[in-house]
Amino acid sequence: MTKRIIRYICVLAMLMALPGEVAASVRIHCEQDTAIVSRLMAEASARGGTLGERCVYVAKALAGTPYQSPRDNDSIGTMVVDLHGFDRLGFVNNVLAIAMASRKSVPAVRDYEDALESFSRRKGEDNGFPAQLIYGADWIVDNVYRGNLKELTEYLTGGGFKTKTLDYVTRHPDEYPALKNPAVLDKVRMAEMGYRSHRIPHLKKRSAGNKSLHELMNDGDIIMMLSNDVDFDLYDVGFVELVDGVPHLIHVTHDTGLVTVDPYPLQRLFKLENQHFYGYRWLRPQE
C-alpha cells in the first residue's frame with residue numbers, strides 16, 4: 001500500500017511539472033475499468049478452480065474487446081490500466097492479473113494492480129518505461145525467473161532454437177516518446193544487450209496436431225506464436241481452452257482485431273497463419 005501511494009504521489013508531481021499535452025497522455029483507470037475488474041475477480045473467485053481455469057473464464061469474458069496499441073508508451077511509461085482495448089501481450093497480462101487476484105480471499109482492485117505490475121514489469125516493479133517487458137522473450141525470461149510462469153517448450157522433443165537480436169526499440173527511438181530522455185534510452189539499451197543473438201526455443205508448428213501433446217496441455221496454458229519478423233519475436237499469444245480434448249486459442253486475432261474464442265483448433269489456426277510465424281512456445285501460469 002505504501003509503495004503504491006508513493007508511486008502515485010510521484011506521478012502526480014511529474015504531471016504538475018510537465019506541459020499539458022504530455023500530462024494528458026498519462027492515464028489511470030476510469031470507474032468503468034474498476035467495475036469490470038471488480039466484477040471479473042468476484043465471478044472468477046466464486047467459480048473457483050485452478051489458476052489456468054480462471055484465466056480461461058476471464059479471457060472468454062473479455063471476448064469482443066478490440067486491439068489497441070499500448071497505452072503506456074508515453075513520455076513517462078507509467079503502467080496504465082485500460083480494459084477498453086489491448087495489445088496482444090497486454091491482453092495476456094490483464095487476464096493473468098485478474099485471475100491471480102481472484103485467488104485472494106476477498107479480491108480487491110489493488111490486488112489486481114499488484115498482479116498486473118508483477119506480470120508486465122521487469123522484476124515486477126513499475127519503474128517507468130525501462131521496466132516494460134515489450135519483447136516476448138524478455139517477458140518470458142523475467143516471469144519464469146520470478147516463478148510466475150513455467151516454460152514447457154523444451155520439455156518436448158522435436159523442437160529447436162532460432163537466434164535473434166531484439167533491439168528494435170532503441171534502434172527506433174523516435175517511435176517511443178520516453179526515449180527522448182537519454183538516461184531512459186541508456187537503461188533500455190542495457191536491457192536489450194541481454195537479447196543480442198538470443199537463442200529462442202520453439203516447438204514445430206506441426207506438433208500442434210499431436211494427441212500426445214493435447215493430453216499434456218491444461219486449460220489456461222499460454223501459447224506464443226513466434227514471428228518471422230526480424231525485429232520482433234511475438235506474432236500472437238493467447239490462452240488454451242481444451243474443447244473435447246482439443247486445444248483452441250483465446251487471443252486478440254489478426255483477422256478481426258478482437259479478443260476471440262477461436263473457432264478453429266490450434267492445429268487449424270496454425271495452418272491459416274502459417275506464413276507469419278515459424279514455431280511456438282508453450283508456457284503454464286504458476287499457482
Side-chain angles (χ1 to χ4, degrees), residues 40 44 49-70 83 85-100 115-116 119-120 133-140 143-144 148-153 200-203 205 207-209 213-214 216-229 232-286:
L40 291 178
T50 66
L51 177 59
E53 290 167 343
R54 295 176 192 225
C55 284
V56 168
Y57 174 78
V58 174
K60 292 175 74 171
L62 292 170
T65 306
Y67 173 88
Q68 69 178 12
S69 299
L83 274 72
F86 305 107
D87 64 288
R88 291 179 173 82
L89 194 54
F91 166 66
V92 171
N93 283 326
N94 274 277
V95 169
L96 285 167
I98 293 171
M100 182 66 78
L116 182 61
F119 283 111
S120 67
L133 299 170
I134 295 174
Y135 305 108
D138 195 14
W139 181 77
I140 290 173
N143 277 287
V144 168
N148 287 340
L149 301 172
K150 182 177 182 179
E151 171 109 48
L152 300 173
T153 307
I200 301 173
H202 67 272
L203 293 169
K205 291 177 279 189
S207 67
L213 175 65
H214 301 174
L216 295 173
M217 284 187 168
N218 290 341
D219 280 335
D221 283 358
I222 297 169
I223 296 296
M224 181 179 290
M225 299 157 67
L226 300 171
S227 177
N228 286 327
D229 190 324
F232 290 101
D233 59 335
L234 188 159
Y235 173 69
D236 203 349
V237 61
F239 294 93
V240 167
E241 180 184 26
L242 295 169
V243 181
D244 296 327
V246 178
H248 290 240
L249 202 64
I250 310 168
H251 59 137
V252 182
T253 71
H254 286 268
D255 183 25
T256 67
L258 303 174
V259 175
T260 303
V261 183
D262 210 291
Y264 297 113
L266 192 63
Q267 181 184 20
R268 175 62 175 162
L269 175 64
F270 280 8
K271 288 181 178 179
L272 293 172
E273 298 285 359
N274 180 62
Q275 64 179 324
H276 300 293
F277 77 112
Y278 63 87
Y280 67 101
R281 300 179 77 167
W282 172 28
L283 305 131
R284 180 165 294 162
Q286 296 298 284

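Considering every non-hydrogen atom in both Pro265 and Val246, the closest pair reads CB-CG1, 3.7 Å. Here the closest heavy-atom approach between residue Leu51 and residue Pro285 is recorded as CD2-CB, 3.7 Å. What you find for Pro201 and Glu151 is that their closest heavy atoms are CG-OE2, 4.4 Å. Considering every non-hydrogen atom in both Ala44 and Val58, the closest pair reads CB-CG2, 4.3 Å. When all heavy atoms of Val237 and Arg88 are compared, the pair lying nearest together is CG1-O, 3.6 Å. Taking both residues in full, the closest heavy atoms of Cys55 and Gly220 are given as CB-CA, 4.4 Å, listed atom of the first, atom of the second, then distance.
A side chain to side chain contact (heavy atoms under 4.5 Å, CB included) with Thr65 holds for exactly one of Val259, Leu258, Val252, Asn94; it is Val259. Here the rule is side chain to side chain contact (heavy atoms under 4.5 Å, CB included) with Ile98, and of Leu83, Asn93, Leu116 only Leu83 fits it.
Contact check for Ile200 versus Arg281: side-chain heavy atoms found under the 4.5 Å cut-off. Between Ile222 and Val92, the closest side-chain pair of non-hydrogen atoms falls below 4.5 Å.
Taking Phe270 as the reference, Phe277, Tyr280 meet the ring pair (Phe, Tyr, Trp, His ring centres under 6.0 Å) condition, with sequence neighbours excluded. His248 is linked by a ring pair (Phe, Tyr, Trp, His ring centres under 6.0 Å) to nothing, counting only residues two or more places apart in sequence or in another chain. Every salt bridge (charged side-chain N to carboxylate O under 4.0 Å, His left out) that Lys60 has, sequence neighbours left out, goes to Glu241. The salt bridge (charged side-chain N to carboxylate O under 4.0 Å, His left out) check on Asp221 picks up Arg284, with sequence neighbours excluded. For Ala61, the side-chain contact (heavy atoms from CB on, under 4.5 Å) partners are Leu40, not counting sequence neighbours. Here Phe119 pairs with nothing under the ring pair (Phe, Tyr, Trp, His ring centres under 6.0 Å) rule; sequence neighbours left out. Applying the side-chain contact (heavy atoms from CB on, under 4.5 Å) test to Thr253 and every residue at least two apart in sequence or in another chain returns His251, Asp255, Thr256, Thr260, Asp262. Partners of Leu242 under the side-chain contact (heavy atoms from CB on, under 4.5 Å) rule, at least two apart in sequence or in another chain, are Met217, Asp219, Val240, Pro247. Applying the side-chain contact (heavy atoms from CB on, under 4.5 Å) test to Ala59 and every residue at least two apart in sequence or in another chain returns Phe91, Val95, Phe239, Ile250. For the ring pair (Phe, Tyr, Trp, His ring centres under 6.0 Å) test, no residue two or more places apart in sequence or in another chain qualifies with Tyr57. Every residue two or more places apart in sequence or in another chain was checked for a salt bridge (charged side-chain N to carboxylate O under 4.0 Å, His left out) with Arg54, and none qualifies. For Asp87, there are no salt bridge (charged side-chain N to carboxylate O under 4.0 Å, His left out) partners two or more places apart in sequence or in a different chain.
One distance of note links CG of Leu96 with CG of Asn143; it measures 8.0 Å at 0.5 Å rounding. Considering NE2 of His254 and CE of Met225, their distance stands at 7.0 Å, rounded to 0.5 Å. The distance from the CG atom of Leu216 to the CG atom of Leu152 is 9.0 Å, given to the nearest 0.5 Å. Taking OG1 from Thr153 and CG from Leu203, the interatomic distance works out to 5.0 Å, rounded to the nearest 0.5 Å. To the nearest 0.5 Å, the span separating CG on Leu234 from CD1 on Ile140 amounts to 8.0 Å. To the nearest 0.5 Å, the span separating CH2 on Trp282 from CE on Met224 amounts to 15.5 Å.
Taking the six-membered ring where tryptophan is involved, the planes of Tyr278 and His202 are perpendicular, since the angle between them exceeds 60° and thus also 30°.
Under a 3.5 Å cut-off, the side chain of Asn228 and the backbone N or O of Gln275 do form a donor-acceptor pair.
The number of heavy-atom neighbours closer than 6.0 Å to CG of Asn274, taken from other residues, nucleotides and ligands shown, is above 12.
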Ile223 vs Leu266, test: side-chain contact (heavy atoms from CB on, under 4.5 Å). Steps then yes/no.
CA-CA 10 Å; Ile223 296 296; Leu266 192 63; 4.3 Å; yes
